Asker: 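Take this structure, written in structure tokens, and hold onto it; I'll ask about it next.
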Amino acid sequence: MVSLGGSIDTDRIEAAVRELLSAIGEDVDRPGLADTPHRVGQAYAEFFSGLAVDPLTHLQEPVGVAGVVSSPSTLGEVVLVRDIDFRSICEHHLLPFLGVAHVAYMPGEKIVGLGDIAKVVDTLASRPQLQERLTEEVTDALQTGLVPEGVLVVMDAVHGCVSSRGVRHTRSSTVTLASRGTLSDPVRRAEVMAMIGSKGDY
Ligand code: ZN
């Protein structure tokens, strides 16, 4: 089920979509468009459901403490969660951008479940966004919620406003990066970037 968020008024979205369809010269009463305002209202409620959620709530239940993690995606003390799918909406055009997030952190006291990190990404992505700001906000949420020694977030996404408008660069993606603490160090950062880029075994 879709969480409708605290203040999303789907009736107003539906009215706005009817207005938008009229504005492009469509017959809003033709059968094919009959349910469109309702569908768009539901879709928008989902796209922006993160506005009503504090991402830090996903980081309140630690699953362990530093030093007890042993997973194939750790290198030294770094925990890396790769290829978290996300969908966001560009606030300049209200068109989707879709991609993957890679999140690395060097734990301090707290370790959370991998799904919790994905929830932080999903919550912050489910708002009107810019990829650069989204990357910074995910990084800040992890820094605040986990108090790690370092954190690094890389996001790689294809933007609907780039692939479907203007010159239509359908395959170009945008990569953004933000880091804090020890993972801002160029050497540590390069190590993590190599881990993210490597798709094979360790
Ligand atoms: Zn855009």
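None of the values given here were measured: they were computed from a predicted structure. Just follow the structure's listing: the first ligand is 1, and inside any ligand the first atom is 1. These numbers come from the heavy atoms of this one structure, side chains and all, not from hydrogens, waters or symmetry mates.
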Asker: Are any N, O or S atoms from His159 nearer to the Zn ion (ligand 1) than 2.8 Å?
Answerer: no
Asker: When you check the gap from the basic side-chain N to the acidic O, do Arg188 and Glu191 get nearer than 4.0 Å?
Answerer: yes
Asker: Shared ILVMFWY cluster between Val17 and Ile24, side chains joined below 4.5 angstrom?
Answerer: yes
Asker: Under 2.8 Å from the Zn ion (ligand 1), can any N, O or S atom of His92 be found?
Answerer: no
Asker: Looking at Arg127 and Glu91, is any side-chain nitrogen of the basic one under 4.0 Å from a carboxylate oxygen of the acidic one?
Answerer: no
Asker: For the pair Glu136 and Arg180, find out whether any cationic side-chain nitrogen is under 4.0 Å from an anionic carboxylate oxygen.
Answerer: yes
Asker: Just to confirm my numbers, could you give the angle made at the Zn ion (ligand 1) by SG of Cys90 and ND1 of His93, rounded to 10°?
Answerer: 110°
